4 protein chains.
Amino acid sequence: MRPGGTPAQQRDLRAQGRRTVARLLDAGLRSFETIGYAATRVDDIVRMADTSHGTFYLYFASKEDLLAALAKECAAEMEALADGLGPVGPGADGREQLRAWVQRFVDVYRRYGPVVRAWSESQIADPALARLGQRSLRRITSKLTDRIAEASRPPGIDPAPAAFALIGMLERVNYFVLSRGLPVDDAAAVDTLAAVLHTGIFGGRPARRAPTGGRGRR
Amino acid sequence: MRPGGTPAQQRDLRAQGRRTVARLLDAGLRSFETIGYAATRVDDIVRMADTSHGTFYLYFASKEDLLAALAKECAAEMEALADGLGPVGPGADGREQLRAWVQRFVDVYRRYGPVVRAWSESQIADPALARLGQRSLRRITSKLTDRIAEASRPPGIDPAPAAFALIGMLERVNYFVLSRGLPVDDAAAVDTLAAVLHTGIFGGRPARRAPTGGRGRR
Amino acid sequence: MRPGGTPAQQRDLRAQGRRTVARLLDAGLRSFETIGYAATRVDDIVRMADTSHGTFYLYFASKEDLLAALAKECAAEMEALADGLGPVGPGADGREQLRAWVQRFVDVYRRYGPVVRAWSESQIADPALARLGQRSLRRITSKLTDRIAEASRPPGIDPAPAAFALIGMLERVNYFVLSRGLPVDDAAAVDTLAAVLHTGIFGGRPARRAPTGGRGRR
Amino acid sequence: MRPGGTPAQQRDLRAQGRRTVARLLDAGLRSFETIGYAATRVDDIVRMADTSHGTFYLYFASKEDLLAALAKECAAEMEALADGLGPVGPGADGREQLRAWVQRFVDVYRRYGPVVRAWSESQIADPALARLGQRSLRRITSKLTDRIAEASRPPGIDPAPAAFALIGMLERVNYFVLSRGLPVDDAAAVDTLAAVLHTGIFGGRPARRAPTGGRGRR
DNA sequence: GATGAATGAGATTTCATTCAT
DNA sequence: TATGAATGAAATCTCATTCAT
C-alpha cells in the first residue's frame with residue numbers, strides 16, 4: 001500500500017517510514033491542488049509534511065518521482081473506474097447507471113484531480129511517466145469506446161472521439177466546479193453531465209419528465 | 001494592435017518596436033505550444049525571436065506579462081467566438097450551424113490553445129491575470145448558457161452546467177487531438193462533437209442517416 | 001545573538017548555521033568598509049565568507065536584508081553608547097569624561113561606520129530599514145539633547161540642534177580620519193573633538209594650562 | 001557656464017544644446033537628491049529631463065561624467081565659500097560674521113548637498129573624480145585650518161582636526177535638517193552652529209545674553 | 001531514520017552604453 | 001540634434017539535490 005518512490009521500494013519500510021511516505025504523498029497532493037505541480041517546491045512539500053529535505057530524498061528520488069507514485073495510484077483508480085462501467089442501455093436505468101458512474105468519477109477526481117492536471121502540465125517531462133499516462137488514458141478510452149460502440153448510439157457519433165469527449169467533459173467540468181469555485185450546484189452538474197452523455201453519446205431516450213431537472217436553474 | 005506588456009504600454013512604440021513585440025509574442029506562443037508555459041525559459045523566447053534578453057524586458061516585465069498579453073488577445077477571440085453562436089435549432093440546419101461553430105473553435109484553439117492551458121496551469125499566480133481569465137470564462141459560458149436555455153433542450157439539462165460541459169468538452173478534445181497526437185481523425189472529431197452537443201445539449205433530433213459516422217475509428 | 005536576516009529568523013539555527021551567519025555578517029561588514037555598500041556584490045560577500053550564493057540566500061533575503069541585520073546591531077550599540085553618557089560638568093573631570101566617551105564612539109564607529117554610512121546612502125530604499133534608522137537617531141539625539149539641556153551651556157546654544165551638531169561632527173570626523181586616510185593624528189583628533197564639544201556645547205571651562213588661554217572668564 | 005561633460009566640451013554648443021545640458025544637469029541633481037547617486041539610473045535622469053538616452057550620451061560620457069561636471073561646479077562654490085571666511089575675532093562681531101558664513105554654507109549646500117554626498121558615496125570610483133574631491137577638500141580645510149590657527153582659540157584645540165570638525169558638523173547638520181525633515185528650526189540651527197563654532201573652536205566669548213536660545217527648545 | 005546545511009547550475013532581471021534612423 | 005531600439009555583460013535570486021552529523 002502506497003509504495004512510495006524508487007528509493008523507498010528498495011528497502012522494506014517499518015511503520016514509521018510508511019507513515020512518513022504517506023505524509024509526503026498527501027502533502028504533495030495538497031500542494032499540487034493548491035498551486036499546481038510546476039509551482040510546487042520540494043520545500044513546500046516537506047514543510048507541509050513537517051519533515052526535512054533529507055527525509056524527502058530518503059523516500060523519493062525526485063519531485064517527479066513523487067508525482068509518479070501518485071500517478072500510479074491515480075491510474076489504478078481511474079482504470080478501475082473505467083472497468084466499472086457496464087453496458088449503458090437507452091432507458092431510464094441506463095441513465096441512472098450513468099449518473100451513478102459520473103458520481104463515482106467525481107469522487108475519484110476530488111482526490112486525484114491535481115495529479116491528472118499535473119500529468120497534462122508536465123508535458124514532455126520524464127518519458128516513463130509520460131508513457132504511463134498515455135497507456136492509462138488509452139486503456140480508459142478504449143474501454144469507454146467499447147461501451148459506446150455497443151450502445152444504440154445516435155448517428156454521427158464516432159465511438160473513439162466520443163470517448164475522448166466523454167472523459168474530457170467530465171474532467172473539465174470537475175475541474176471548473178471542484179477546483180475553481182464555479183457557481184454551479186454539484187448535484188445539478190452531475191445530473192446534467194449524465195443526461196448529456198446518455199442522450200448525446202449513448203443514444204439514450206430523454207427522460208419522460210425530469211424528476212430533478214428541467215426547471216432551468218442557472 | 002498587439003499592445004505588448006506593461007513596460008511597452010507606457011511608451012508609444014514605433015514600427016520597429018511593434019514588430020519586435022509581435023516577434024516576441026509569436027515566439028512565446030510557439031514555445032508554450034511546444035514545451036508548455038512552465039517549461040519555457042525567457043531564453044527560449046528570445047532565441048526564437050532572434051533578439052536579446054535586454055530587448056525582452058524592454059517590452060515585457062516578465063514571462064507572465066507576456067502570457068498576460070497573449071491572454072488578452074485570446075480572451076477577445078474566445079468572446080467573439082461565443083458571441084458568434086446564433087440560436088441553435090433542433091433540425092439539420094441547427095446541427096450544421098453547430099458543426100461550423102465547432103470548426104471555428106478548433107481554428108481559434110489551434111492558435112491559442114497553449115494560452116488557454118497555461119491559464120489553467122498558472123493556477124493562482126498573478127491575481128490580475130486570474131481575474132481576467134475568470135471574467136472571460138464567465139462571459140463565454142453566460143452567452144452559451146443563454147443559447148442553451150432558449151433551445152428545446154432535453155429534460156435533465158440544466159443550462160449553466162451544460163455550458164461548462166460544452167466548453168470543457170471542446171477544450172479537452174482539442175487538446176487531446178491537436179496537442180497530443182491522439183489517434184483520432186480531425187473531421188470525425190468535429191462531426192462527433194457537433195453531434196454530441198446538438199443531441200445531448202440543444203435537444204437536436206438525431207440526423208436521419210449518419211453520412212460520416214459509423215465507420216468506426218481509425 | 002546575531003540573529004541573521006529574515007529567512008534565518010523563521011527557523012532555529014544550529015551551531016553550524018549560526019557560525020555561517022556570523023561569517024556572512026562579518027564579510028559583509030568588511031566589504032562595506034572596503035568598497036562601500038553600493039559597490040558590494042553578494043558575490044564579494046560569499047567569496048569573503050568562503051561559502052556559496054545559495055547559502056547566502058539561506059540566511060538573508062538580499063544584500064539589503066544583511067545590511068538591516070547589521071543595522072540592528074549597530075543601532076543597539078549606538079543607543080547603548082548614548083545611554084552611557086552621564087551628566088557633563090564644566091570642570092576638568094567633565095572634559096575628561098567627554099574625552100573617554102568620544103573615544104568609545106571612535107571604537108564603535110571603527111566597527112560600524114560602514115553601516116552608518118550605508119544607512120544614509122541607501123536613502124529611501126527599504127522603508128522599514130529607514131524607519132529603524134530614524135527611530136534610532138531620534139533616541140540617540142534625544143538622550144544627548146537632555147544631557148546638553150541640563151549642562152551649564154553657553155548662551156546661544158539650542159540643545160536640539162546642538163545634539164545633531166555633536167553627533168554629526170563625531171560621525172564625519174571619524175569618517176574622514178578613519179575611512180579616508182586623512183592626515184590627522186588620532187589622539188589629537190579625539191582631544192580636539194572633546195575640547196570643542198566641552199567648550200562649545202556643554203559650557204565647559206577651558207583647560208587650566210594653555211598657552212593661549214587663561215583669560216579665564218566665569 | 002555649465003560646460004557639460006567630456007563629449008560636450010569637444011564641440012561648441014548652440015543655444016539648444018546648452019539648454020539640454022542644463023536640463024540634464026538639473027535632472028541629475030534632483031535625482032541624486034531624492035534617491036542618491038548610486039540608485040539613480042540614467043533612465044531616471046533622461047525621463048526627468050524629458051529627453052532620451054541617446055541625447056544623454058551626446059553630452060556626457062557616462063553617469064559619472066555628469067557627476068563630475070556637477071562636482072566641478074560644487075567644488076568651485078565650496079572653495080569660494082572657504083575663501084570668503086575672513087579672520088574670526090572673539091567678540092560679538094566675530095560671532096556675527098561666522099553666523100553669516102554658516103548661512104552662506106546652508107545656501108550652497110541646499111543646492112549642492114546631493115553632490116557632496118554622492119562624492120563620499122562613490123568611494124573609490126573614478127580616480128580623477130576622487131582626486132578632484134580630495135584636492136578640493138584639502139583646499140577648503142587648509143583655508144579653515146589657517147583661520148582657526150590665527151584665532152585666539154581655546155587650549156586643547158588642534159587646528160587641523162578642528163577644521164574637519166567644523167566642516168563635518170556643518171555638512172551633517174545640513175544633511176539631517178535639509179534632506180531628512182528633522183524636527184529642528186532652521187534659524188535656531190544656524191544660530192547654534194555659529195555659537196558652537198565660535199565658542200568651541202575660535203575661542204569666542206559667549207554672547208552676553210542669548211537673544212534666541214537658552215530656553216532649551218526640543 | 002531523520003535532519004539542517006550546503007551547493008552550484010541555471011534562471012531571471014537590470015542597466016550603462018552603443019546603434020541606426 | 002535628437003531619438004527609440006537594441007545589446008550583453010553582470011548582477012540577483014531560485015531550488016532540486018547532495019552531504020555530514
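Because only heavy atoms are used, hydrogens play no part in the values below, and waters and symmetry mates are left out as well, while side chains stay in. Keep in mind it's a predicted model, so treat the numbers as computed, not measured. In what follows, chains are A, B, ... by sequence order, proteins preceding strands, each numbered from 1.
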*Asks:* Rounding to an integer number of Å, can you tell me how far Tyr57(D) OH sits from dA16(E) P?
*Replies:*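 Tyr57(D) atom OH is separated from dA16(E) atom P by 6 Å.
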*Asks:* For Phe60(A), what residues pass the ring pair (Phe, Tyr, Trp, His ring centres under 6.0 Å) criterion, not counting sequence neighbours?
*Replies:*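 Expected list: Phe56(A).
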*Asks:* Any non-hydrogen side-chain atom of Cys74(C) less than 4.5 Å from a side-chain atom of Leu70(C)?
*Replies:*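 With C-beta onward as the side chain, the pair stays apart.
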*Asks:* If you assign each of Gly17(A) and Ser62(D) to its closest nucleotide in DNA chain E, which residue comes earlier from the 5' end?
*Replies:*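 Per heavy-atom nearest nucleotide, the more 5' residue is Gly17(A).
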*Asks:* Does any non-hydrogen side-chain atom of Thr20(C) lie less than 4.5 Å from one of Leu58(C)?
*Replies:*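 A side-chain contact is absent here, since even the closest heavy-atom pair is not under 4.5 Å.
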*Asks:* Between Thr20(B) and Ala61(C), name the one whose nearest nucleotide on DNA chain F is closer to the 5' end.
*Replies:*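 Closest to the 5' end, via its nearest nucleotide, is Thr20(B).
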*Asks:* Give Phe60(B) one of three labels, base, sugar-phosphate or nothing, depending on what nucleic acid heavy atoms sit under 4.0 Å from its own.
*Replies:*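 The answer is nothing, as Phe60(B) stays clear of every strand by at least 4.0 Å.
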*Asks:* Are Val42(C) and Tyr57(C) side-chain neighbours, meaning at least one heavy-atom pair lies under 4.5 Å?
*Replies:*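 The answer is yes; the side chains approach within 4.5 Å.
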*Asks:* Given atom CG of Leu67(A) and atom P of dA16(F), what is their separation to the nearest angstrom?
*Replies:*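 After rounding, the gap between these two atoms is 13 Å.
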*Asks:* Do the side-chain N or O atoms of Arg41(D) get closer than 4.0 angstrom to the phosphate oxygens (OP1, OP2) of dA16(E)?
*Replies:*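 Yes, because at least one side-chain N or O of Arg41(D) sits under 4.0 Å from OP1 or OP2 of dA16(E).
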*Asks:* Using atom CG of Leu58(C) as one end and atom P of dT17(F) as the other, report the distance to the nearest whole Å.
*Replies:*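 Distance, rounded to whole Å: 17 Å.
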*Asks:* For Asp65(B) and Thr6(B), which I'm curious about, is there any donor-acceptor pair between the side chains at under 3.5 Å?
*Replies:*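 Their side chains do contain a donor-acceptor pair, which is all the 3.5 Å distance test asks for.
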*Asks:* Under 3.5 Å, side-chain donor or acceptor atoms of residues 23-30 of chain A against the rest of the protein: list the pairs with distances, not counting sequence neighbours.
*Replies:*
residue  : atom : partner  : partner atom : Å
Arg23(A) : NE   : Ala49(A) : O            : 2.8
Arg23(A) : NH2  : Ala49(A) : O            : 3.4
Asp26(A) : OD1  : Arg2(A)  : NH1          : 3.3

*Asks:* Using whole Å, report how far CG of Leu24(D) lies from P of dT17(E).
*Replies:*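 That distance rounds to 14 Å.
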*Asks:* Under 4.0 Å between a side-chain N/O of Thr55(C) and OP1 or OP2 of dA5(E), yes or no?
*Replies:*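 For dA5(E), neither OP1 nor OP2 has a side-chain N or O of Thr55(C) closer than 4.0 Å.
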*Asks:* Figure out the CG/C1' separation between Asp65(C) and dC13(F), and round it to whole Å.
*Replies:*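 In whole Å, dC13(F) C1' lies 13 Å from Asp65(C) CG.
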*Asks:* Which residues in residues 42-54 of chain B have a heavy atom closer than 4.0 Å to any atom of DNA chain F?
*Replies:*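 DNA chain F contact set from residues 42-54 of chain B: Thr51(B), Ser52(B), Gly54(B).
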*Asks:* Would you say that Tyr112(D) contacts Glu33(D) through its side chain, given a criterion of any heavy-atom pair below 4.5 Å between the two side chains?
*Replies:*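 Side chain of Tyr112(D) against side chain of Glu33(D), heavy atoms only: no contact under 4.5 Å found.
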*Asks:* Could you state the OH-P distance from Tyr37(A) to dC15(F), rounded to the nearest angstrom?
*Replies:*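 Answer to the nearest Å: 14 Å.
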*Asks:* Report the stems of DNA chain F as range-with-range entries sorted by first number; a stem here is at least three consecutive pairs, Watson-Crick or G-U wobble, both distances under 3.5 Å, and write none if there are none.
*Replies:*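 Stems for DNA chain F, defined as runs of 3 or more consecutive pairs: E:2-21 with F:2-21.
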*Asks:* Quick test of your reading of the model: are Arg47(D) and Asp50(D) salt-bridged, counting only N-O distances below 4.0 Å?
*Replies:*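 No, no charged N to carboxylate O under 4.0 Å.
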*Asks:* Measuring to OP1 and OP2 of dA2(F), would you say a side-chain N or O of Tyr59(D) lies under 4.0 angstrom away?
*Replies:*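 True: Tyr59(D) side-chain N/O within range (under 4.0 Å) of dA2(F) OP1/OP2.
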*Asks:* I'd like to check Tyr59(D) versus Arg18(D) (side-chain heavy atoms, cut-off strictly below 4.5 Å). Are they in contact?
*Replies:*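 In short, these two side chains do not touch, never coming nearer than 4.5 Å.
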*Asks:* Tell me the interatomic distance from Leu66(B), atom CG, to dT13(E), atom C1', rounded to whole angstroms.
*Replies:*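 Atom CG in Leu66(B) sits about 15 Å away from atom C1' in dT13(E).
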*Asks:* Is Trp119(A) close to Leu67(A) at the side-chain level, that is, under 4.5 Å between some pair of heavy atoms?
*Replies:*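 They are not in contact (no side-chain heavy atoms under 4.5 Å apart), so the answer is no.
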*Asks:* Tell me every residue that passes side chain to side chain contact (heavy atoms under 4.5 Å, CB included) with Ser52(C), counting only those two or more places apart in sequence or in another chain.
*Replies:*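 Ser52(C) satisfies side chain to side chain contact (heavy atoms under 4.5 Å, CB included) with Thr55(C) only.
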*Asks:* Find the distance Phe56(B):CZ to dA5(F):P and express it as a whole number of Å.
*Replies:*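 Rounding to the nearest Å, CZ of Phe56(B) and P of dA5(F) are 16 Å apart.
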*Asks:* Going by heavy atoms in the side chains, are Phe32(A) and Arg117(A) under 4.5 Å from each other?
*Replies:*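 No, their side chains stay 4.5 Å or more apart.
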*Asks:* Please work out which residues in residues 7-16 of chain B have a non-hydrogen atom less than 4.0 Å from an atom of DNA chain F and list them by number.
*Replies:*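 Residues of residues 7-16 of chain B under 4.0 Å from DNA chain F: Arg11(B), Leu13(B), Arg14(B), Gln16(B).
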